[in-house]
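Only this structure's heavy atoms are used, side chains among them; waters, hydrogens and symmetry mates stay out. Treat the numbers as computed from the prediction; the structure is a model and nothing was measured.
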Amino acid sequence: MIRDIVSFLDYSICAEVALALFVGTFFLIFYGALRLSRNATDKFAAIPLSDEVEEPR
């Protein structure tokens, strides 16, 4: 019965849905990065150069 249900499903739309999710997420992250303040970007840019251990939030 499960084999019949799985064989009946159409997976052709999954690629388009995955691409739409990827593009949507990419633009959300890109928009969020553009909205960061100058102080926040400087702080994030200095993390790899810092010797101090950063505690995750």
Side-chain angles (χ1 to χ4, degrees):
M1 179 165 170
I2 292 177
R3 182 180 293 173
D4 294 335
I5 292 171
V6 171
S7 67
F8 185 71
L9 293 175
D10 184 20
Y11 296 108
S12 63
I13 196 166
C14 291
E16 288 86 7
V17 170
L19 180 63
L21 286 173
F22 172 77
V23 170
T25 304
F26 177 81
F27 280 111
L28 281 175
I29 292 171
F30 184 73
Y31 180 71
L34 288 178
R35 290 186 40 97
L36 285 175
S37 69
R38 183 71 178 172
N39 289 336
T41 55
D42 289 342
K43 180 181 169 186
F44 292 142
I47 289 174
L49 304 175
S50 173
D51 289 333
E52 298 175 13
V53 176
E54 297 283 335
E55 291 290 327
R57 287 190 255 166

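Under the 4.5 Å side-chain heavy-atom criterion for ILVMFWY residues, no single connected hydrophobic cluster contains both Tyr31 and Leu28. Val17 and Tyr11 are members of different hydrophobic clusters when ILVMFWY side chains are connected at heavy-atom separations under 4.5 Å.
To the nearest 0.5 Å, the span separating OG1 on Thr41 from CG on Leu34 amounts to 11.0 Å.
Ring-plane geometry between Phe27 and Phe30 is classed as perpendicular, the angle between the planes exceeding 60 degrees on a 0 to 90 degree scale with a lower cut at 30.
With Ser50 contributing its side chain and Ile47 its backbone, the two residues share no donor-acceptor pair below 3.5 Å.
Around CG of Leu19, the count of heavy atoms belonging to other residues, nucleotides or ligands within 6.0 Å exceeds 12. The environment of CD1 in Ile2 is sparse: at most 12 heavy-atom neighbours from other residues, nucleotides or ligands sit within 6.0 Å.
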